[in-house]
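These notes concern the structure reproduced below.
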Amino acid sequence: MAGKSSRGRNKKPSNVSVNAAGPAVAANGHSKDNLNPVGEEKVDANGVSPSAETQTPKPVVESENASSDNQARQGDIHLFPVPVKTQFGEKLELQLSPSDSIMDVRQFLLDAPETCFFTCYDLLLHTKDGSTHHLEDYHEISEVADITSGDCSLEMISALYDDRSIRAHVHRTRELLSLSTLHSSLSTSLALQHETGQNATANSGDHPKKTEVLELENLGFMEDVSGSLSNLLSSPSKEIKCVESIVFSSFNPPPSYRRLVGDLIYLDVVTLEGSKYCITGTTTTFYVNSSSGNTLDPKPTKAASEATTLIGLLQKISSKFKKAFREMLERKASAHPFENIQSLLPPNSWLGLHPVPDHRRDAARAENSLTLSFGSELIGMQRDWNEELQSCREFPHTSPQERILRDRALYKVSSDFVDAAINGAIGVISRCIPPINPTDPECFHMYVHNNIFFSFAVDADLEQLSRKQSLDANLSSDKTLTKSSKVNGEKSSAATVENHNLNGEAESVSDAPSEAQLAESEQATYASSNNDLKGTKAYQEADVPGLYNLAMAIVDYRGHRVVAQQSVLPGILQGDKSDSLLYGSVDNGKKICWNQDFHSKVLEASKRLRVKEHAVFDGSGNVFQIAAPVECKGIVGSDDRHYLLDLMRVTPRDANYTGTNSKFCILRPELITAFCQAETGKNLKSKRVPEEALKSVDSSKDDNVDQAETVTISETSDPKQNESEEKTVIEESGSKAAEVADKSEDIRFNPNVFTEFKLAGSPEEIAADEESVRKVSSYLKDTVLPKFIQDLCTLEVSPMDGQTLTEALHAHGINVRYIGKVADGTKHLPHLWDLCSNEIIVRCAKHILKDVLRDTADHDIGHAIAHFFNCLFGDCQTASGKGVGNNITQSKNQKKDLLVGKSTKGHSRSRVGGVATKKQASCMNLSSESLWTSILEFANVKYQFELPEDARSHVKKISVIRNLCLKVGVTIAAKKYDLSAGTPFLTSDILNLQPVVKHSIPVCQEAKELVETGKVQLAEGMLNEAYNLFTEAFTILQQVTGPMHREVANCCRYLAMVLYHAGDMAAAIMQQHKELIINERCLGLDHPDTAHSYGNMALFYHGLNQSELALRHMSRALLLLSLSSGPDHPDVAATYINVAMMYQDIGKMNTALRYLQEALKKNERLLGEEHIQTAVCYHALAIAFNCVGAYKLSHQHEKKTYDILVKQLGEDDSRTRDSENWMKTFKVREAQMNAQKQKGQAVNAVSAQAAIDLLKAHPDLIQAFQAASGSGASGSGGENFARGGRGVDERSARAVAEARKKAAARGLLIRPHGVPVQAMPPLTQLLNIINSGMTPENLTTDAAEEAAKAEPQGQAPVGLGAGLASLDSKKQNQNQNQNQNQNVK
C-alpha cells in the first residue's frame, strides 16, 4: 500500500512537531548498534571522544545533501494527487499510487476525518477523457485507468445497506465516538505541553526552569523501584461524550411486513440533551420514526430527519452531538497519525491502572460480549485459512511489486489466523468449544473451530500407550516403564509411583504410563512444539515452489499449551486417507514412505536449510534416501498440494546433550549459519583471500540482532553478513572467494544422527556425519559461548532484561539451556550474574506457576496467583493456615510433582466438585520454603546452575515480577508494593490473565536485505546511500505490514541515525518519534527498546537546544530502565552520563557533577575500576571540571582515564593517545591558571590580613559568627566559601548550598552536618589563622595539600572530594535507602 505511507500528506500536516525513528546514540552512551564510526562525539564505551568538551556532533555530510536526497526518495514513491468528492458534496485530495488497490483507497478514506464515517458506498473514477469507471474492491487502480496523466477524480456514491453492512456501520459509528482507539504516547504529550508552555510564556518573557528538581527526583526513584510502578501508566485521556447511548432496540428484528419495505434495523438513541429517539435503518437511509412506548410506529416523525449515515442523522437531531463530534475529530487529528492505527497483535501489559477504573454501564459493550464467536465470523462463511494462505504463496513474485503484493497478502492472512487462533484457544481452554473426539481421554481431545485445528501439547507416544489394552501389544512400554524414568534429571522409579490410565482408572504398571513418564512427555512436547514452530518457519522462509506448510501458533493460557494449525489438512477428515502419506514416517521409522516428486522438493529445501541427504533403514531393513527428519510427514491433500508436517528437528541434535531426556535438544539455525561462515573464513584464509572480505566468524543472524536491541557492533568490527536461506553471501568478487563460497554451501548436517533411527550408508559416512555435528556442538561450547560471555563483559552485548537476554542468546545461536554456563562465566560482574540468575529463577517459577494454574478451578485463579506471588516474593506459609508441620510430607511430594511437571492428569482441566476441591487444596499448600526449594532444584536440574541458598533474599523483585508476569500473561495493579512484607499481594491486585502467543507470521525478506545493506553503508560512512536503502525498506514495509511493526521501527531508527550524523536534528526527531510510538505499541511501554527510544529522543531534543524537553524524556528513560533492569546496570550509568552532558551544556555544573558521580560509582561497582566504561566516566568528569576551571582535578581524572586505557587498549591506540593529549592540555591550563593566581596573590594577602585584624579587635563578632555557624545554616557559608576558589570544594559547596535551598523549599529534612569537612566556612579558616599565626600564603598551600590527602580516603571516588559524597549521603537519607553507599571506593 504505497499510498498508505502518504496518509499524512493527503491531509493537513501533523500538529505534532516530532515523530521519530531511531537513535544515533543510545542511552548507554554509544550508538544502539555501535554503528558510529562517522563522527559521533558522545562518550563511547570503547574509548574517549577527543572533542568531548564541546559535546556537539559534527555533521559528516551537509544537511542540504540529506534534504535533497530525501526529496529524491520521496519522488521514487510515485504518488499522484487525486481529488475525491464525498457523498455530502465535500472535496478532499488523496495521494495515490497506480499500484494501490481499491481496498487501499477505501482504507485511506476511512482514515480521513472528512470521510471516516462513510462505510457503504461505491467508488466511481472519472478520467481525463470523460469516461467513468466503476471500481471493484479487489482491483488495482492501474488495471482500470491511468492516473499518472492527471485530471482524474474519484466520487463516492451511496450504496444499499444490507443486514451485515448496516451492523458494520453501527459498529464503526460507535468506534468513532470513542477515544479508546487513540493510543497517545507520553512523548507526544510532552511535546505538546512544551509547545503550549512556550506559547504561554512567550508574551510574558517568563521562562521558569525546574529541571534541577526533576533530576533530583530521578536520582531518588531509581532506588525505590516499587514506588515507581504507578508512574508507568498514564491516566486514561478524558472521554468526550457525544451521545448518551446507542443500542439496538428491542423492536428488532423488523417484522416481516417492514422487511418488505426495506427496514433492516432499529436503534434506540439518547442524546446529550436527554431526548430519546427510535431510529430506523433501511437499505438507503437512517431516519427517526414515531415509535413511543412499547409499540412500533414506523412512520417518520414530522421533522422528517433522515440521512444516509447514522452520524449525519445525529448531527441533525442534536446540536451538542455535532459540537462534541467535531471536538472528537480534532482530538484525534492532533495526535500523531501512528497513534490512531491499531496494532494487529498488541503486547500484553503486566501492569494495570490502580485504582481500578469504575466499570460503567455500556450497552454496546454488553451486546458485543454476549456473542461468543471466539474469533469466527457470525455472518457469512467461515474462512478457509489453508486455501487463503496457500493461494497467497502461489502468487507470482518475479517483480518487486509482485513480491510486495504477495508478502502483504501473506502477512495479512497470517496475522488474521493468529488472532483467530488466540480467540479459539481461549474458547478451547475455557471449555466453551466441544471436542471432535469426546470419547477419548481429555488430554487427547482435539478441536476444530473456525476452520482451525486445536490440540493440547501431549506426546503422541503416550497417546498410543493409553489406547493399547493388550499386554502383548505393550511390551515395549513394559520395558520402558520398568526402568527408572529420569525426568529433568530427577529419578523417580516407575514401580513406586501410583499409575493411572488416561481414563482415570487404576491400572498395572504395564498398562499405563507412569507419572514420571507423563511429566517427561509434557516437558518433551513443550519443547517439540517450539521446535515444530521453528522448523515450520524455516521451511516457509526457504519458500520452495510446490512444497507447503501449515500456519501454526502456540498459545499458552492458564497453564495449558494449545497448538493451533491453520484448518485441517484438506480432506484429512473425509474418510480414510492412509495412502495420502508420501514421505516420512508416522510410527517412528518402522515404516517409511518415499516419493520421488516429493523428495525432489524436500531436497531443494534441504539445500537452503543445510540439511544433508542421507540414507536410513526402516523397521524392515529397507533403505530410503531422505533429506529431512525421519519423523516428518509429507502428505498430499485433497487439493493435490504437497504438505510437509512435523518439522521438529530441522537442525541436528546438540551433541552436548545426548541423554535420553534430551531428545529435543537441537541446535539453533543461527549457530549453523555462524559455523558455516567460520568454516568459510578458514578456507578463505587458507587461499590467502584478503581478510577484509571475511565476515565476523561469530556474527549471528541479523534479523535476530535487530530484534535484540542490546546486541551491538563495535566501531572497529567488520559489517555483519547478510544472510538468505539460499546461500551465504560473501562480499568478495574474486574467483577464489566465489569458489570457497560454493564449497561452504556444501556444509550440511544429518538431522538424524544421535537419534534412535537406524542410519544406512557406510560406517565412515555415518562417523563423518556424527563428527560434523560434534564439531558444531563443540564450536558452540568452546567458541561461541566464551565469545558471547566476553561480549557481555565488554558491553558489546548489553541485555537489559530476560527477554533481551534471550534474544541475544538466540541471535548468537545459543540455546537458553546454556544460560547457567553464561551465569557461571559472568560471576565477577554483578549486573550480569543478577540478570542470568533472575532469568533462571523466572523460568523455573514459570513452570511451577503453570502447574498451579492448570490445577486451579476458575473461581480460584486470582487467589492462586496472589498466593504464588506471596510465596515467591514474601514469606508465606500454606494458604490453609494450618501448621507447617502437618504438611511437611505433602510439601515434599508436591515439590517432586512441581519438578517433574505435575502428574497423571497432564493437561486435564479443572472440574467442579470434589476434583476441583482437591486440586485447590493441593496448590494452596504451597509455601515460600517449598517453592524456593523447588526453584533451586529445578535450576540445578534444567540449567545445571547452582543458585545460592540465599538467592531468595538477593533477587531483584520488581524485575522478576515483571519478567514472570510477561511470561505467564499476568496483569497486576500498578501500585507500590511492600515487598518486605510476608504477603505483599492481595487477590484484588491480580487484574487479568492473558494468553501468551508464539507464531509463524512471515517477515519481508526483501526489506530485511535492504536494511542489512543499509547498515553496512552506514558503517562505512556512506550516508546518502544508507538513507536511500533505509527509506526504500521503510516504504516496502509500510506496504507489507503497515506502520505498526517492529521492523518498521528498526527502519525509522536507522533513518534517524543517518539524519543525526548528517546534522539534521529536526528530521531525526521526526523519525525517532515514529520509532518510539511503534515500540510502545508493538513491544510494550517498558520494553528496553522503548527506554532507548526515549533516551535518543532526549539526545536529539538536546541537539535542538530544547533542554527541558530533553530532560523530561531522559526522566522517562530512567523510569523504564529501572523497571526492566533495575538501577544497577551499566546502561543506567551511561544514561546518567548523557544527562550530565545535557546539564553541562546548559551550564548546570552542580547537577552534572552529581550525575557523573553516580555514574562513576555504578560503573566501578558493576564493571570494576579498570573497565573502559569506568574510563569514560573519569573522562567525562575531567571534561566537567575543565568547564569550570578546575584543571588540576581535570588532570587527575584524565590520568585515571589514561591509565585504564593503557592497560586495556595499549599505548598505541588512538583513544589512549587522545587521552594523553587531554592530560597535556589540562596541565598547560593549570599552569596558566597558577601563574594568574600568583600575580594577584599580594592583593589577596592584604585583604585577608585586614579581616584578621578586624576580628582580633572585635571578639564579640567571633562569638556571633560561631553561633550562626553551629545553628546548621550552612548554605550561606557554603556560598561564601565558594568564592574562595579552591578546586572541587568550590563546586561542592555551591552544589550543597543550592541543593539545600531547594530541599528546604520542598520541606525536606536538612541535616546540620551536610557541609563537607574540607569545605570549611571562612570563619573557621580565619579562626585557625588567628590561633596558629599562619599567613594567608601558607594557608593556600597547606589547605591544598590537606584536600589532596583527603581525596583518596573520602567517601567519594578519587578526585571528587567529600563534598559530593556528603551530598550523595544527604540524598540517600532523604530516600531512606543506603544501598548506594556500599562498595564505594
Side-chain angles (χ1 to χ4, degrees), residues 229 345-352 422 425-426 428-430 456-457 522-523 526-527 529-530 553-563 801-806 816 838-858 860-874 876 897-899 901-902 907 909-910 919 923-924 926 931-932 934-935 938-939 942 955-974 977 984-987 989-999 1083-1087 1123-1124:
L229 291 181
L345 296 173
N348 292 337
S349 174
W350 68 283
L351 287 176
I422 294 171
I426 293 174
V428 167
I429 295 172
S430 302
F456 288 102
E522 177 184 318
Q523 297 294 330
Y526 268 49
S529 58
N530 285 334
I554 298 173
V555 182
D556 289 310
Y557 181 59
R558 285 187 52 180
H560 300 275
R561 167 161 290 191
V562 171
V563 179
D801 62 354
Q803 180 182 352
T804 52
L805 174 63
T806 301
V816 176
N838 288 343
E839 177 66 9
I840 291 174
I841 290 171
V842 168
R843 287 178 175 270
C844 297
K846 176 189 70 173
H847 286 286
I848 301 173
L849 178 56
K850 282 186 174 182
D851 291 325
V852 170
L853 291 175
R854 191 159 54 240
D855 286 346
T856 301
D858 293 358
D860 285 321
I861 289 179
H863 181 54
I865 295 174
H867 176 66
F868 182 89
F869 276 30
N870 286 330
C871 292
L872 186 61
F873 303 107
C876 187
D897 290 343
L898 293 175
L899 279 174
K902 243 21 172 189
H907 284 279
R909 284 147 288 151
S910 305
K919 292 180 179 178
C923 68
M924 287 298 105
L926 192 67
L931 174 59
W932 276 98
S934 300
I935 289 175
F938 203 116
K942 189 172 180 63
V955 69
K956 289 184 176 180
K957 294 187 177 181
I958 291 297
S959 297
V960 169
I961 291 172
R962 172 183 177 271
N963 199 354
L964 181 60
C965 287
L966 290 175
K967 279 183 167 58
V968 186
V970 177
T971 301
I972 63 174
Y977 294 95
F985 290 90
L986 304 175
T987 303
D989 294 331
I990 311 301
L991 302 182
N992 197 5
L993 185 60
Q994 302 164 292
V996 179
V997 189
K998 299 179 181 179
H999 54 73
L1083 302 179
L1085 292 176
D1086 59 344
H1087 191 278
L1123 294 176
S1124 60

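All values reported here derive from a predicted model rather than from experimental measurement. Side-chain atoms are counted along with the backbone in the values below, which use heavy atoms only and exclude waters and symmetry mates.
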Side chain to side chain contact (heavy atoms under 4.5 Å, CB included) filter on Leu966, not counting sequence neighbours, yields Trp350, Arg962
Minimal heavy-atom distance between Ser934 and Ile848, with the atoms involved, is CB-CD1, 3.8 Å
Check your understanding: Do the non-hydrogen side-chain atoms of Val852 and His867 ever get within less than 4.5 Å of each other?
Key -> no
Heavy atoms of Gly862 and Ile990 approach each other most closely as O-CG1, 3.8 Å
Lys956 meets the salt bridge (charged side-chain N to carboxylate O under 4.0 Å, His left out) criterion, sequence neighbours left out, with none
**Asked** Does a side-chain heavy-atom distance below 4.5 Å link Lys942 with His847?
**Response** yes
Separation between OG1 (Thr987) and CD1 (Ile861), nearest 0.5 Å, reads 12.5 Å
Those residues at least two apart in sequence (or on a different chain) that pass side-chain hydrogen bond (donor to acceptor under 3.5 Å, both in side chains) with Asn348 are none
Practice task
For the residue pair Thr856 and His863, establish whether any side-chain heavy-atom pair is separated by less than 4.5 Å.
Solution key: no
Rounded to the nearest 0.5 angstrom, the SG-CG distance for Cys871 and Leu926 is 4.5 Å
Distance col, row Leu351:CG vs Leu229:CG, nearest 0.5 angstrom, shows 5.5 Å
Sequence neighbours excluded, the answer for side-chain hydrogen bond (donor to acceptor under 3.5 Å, both in side chains) partners of Asn870 is none
*asked:* Please evaluate residues Val968 and Leu853 with respect to the criterion side-chain contact (heavy atoms from CB on, under 4.5 Å), reporting the C-alpha separation (whole Å), side-chain torsions for both, the decisive distance (0.1 Å), and the verdict.
replied: CA-CA 10 Å; Val968 186; Leu853 291 175; 3.8 Å; yes
Leu991 meets the side chain to side chain contact (heavy atoms under 4.5 Å, CB included) criterion, sequence neighbours left out, with Val356, Thr971, Ala973
Sorted by chain and number, sequence neighbours left out, side-chain hydrogen bond (donor to acceptor under 3.5 Å, both in side chains) with Asn963 holds for Glu839, Lys967
### Task
Could you please spell out the steps behind the side-chain contact (heavy atoms from CB on, under 4.5 Å) verdict for Phe868 and Val970?
CA-CA 12 Å; Phe868 182 89; Val970 177; over 6 Å; no
Open item on the list: Within the structure provided, determine whether Ile972 and Tyr977 are in side-chain contact (heavy-atom separation under 4.5 Å).
Closed with: yes
Closest heavy-atom pair, Pro984 versus Asp989, reported as atoms and distance to 0.1 Å, is O-OD2, 4.0 Å
Tightest non-hydrogen contact, residues Phe938 and Cys844, listed as CD2-SG, 3.7 Å
Hits for salt bridge (charged side-chain N to carboxylate O under 4.0 Å, His left out) against Asp556, two or more places apart or cross-chain, chain-then-number order -> Arg561, Lys850
Q) How about Thr806 and Arg843: do any of their side-chain heavy atoms sit closer than 4.5 Å? A) yes
Sidechain-backbone polar pair: His560 side chain, Phe456 backbone, donor-acceptor under 3.5 Å
no
Looking only at heavy atoms, the pair that brings Ser1124 and Ser959 closest together is O-OG, 3.7 Å
- Query: Under 4.5 Å between any side-chain heavy atoms of Ile554 and Asn530, yes or no?
  - Reply: yes
Shortest non-hydrogen pair, Tyr557 vs Ser430, comes out as CE2-OG, 4.4 Å
query = Quick one: does Thr804's side chain get under 4.5 Å of His1087's, heavy atoms only?
reply = yes
Contacts of Ser349 meeting side-chain hydrogen bond (donor to acceptor under 3.5 Å, both in side chains) (sequence neighbours excluded), chain-then-number -> none
So NZ of Lys846 and CD1 of Ile841: to nearest 0.5 Å the spacing works out to 14.5 Å
Hits for ring-ring contact (aromatic ring centres under 6.0 Å, His included) against Phe873, two or more places apart or cross-chain, chain-then-number order -> Phe869
Separation between CG (Asp801) and CG (Asn838), nearest 0.5 Å, reads 11.0 Å
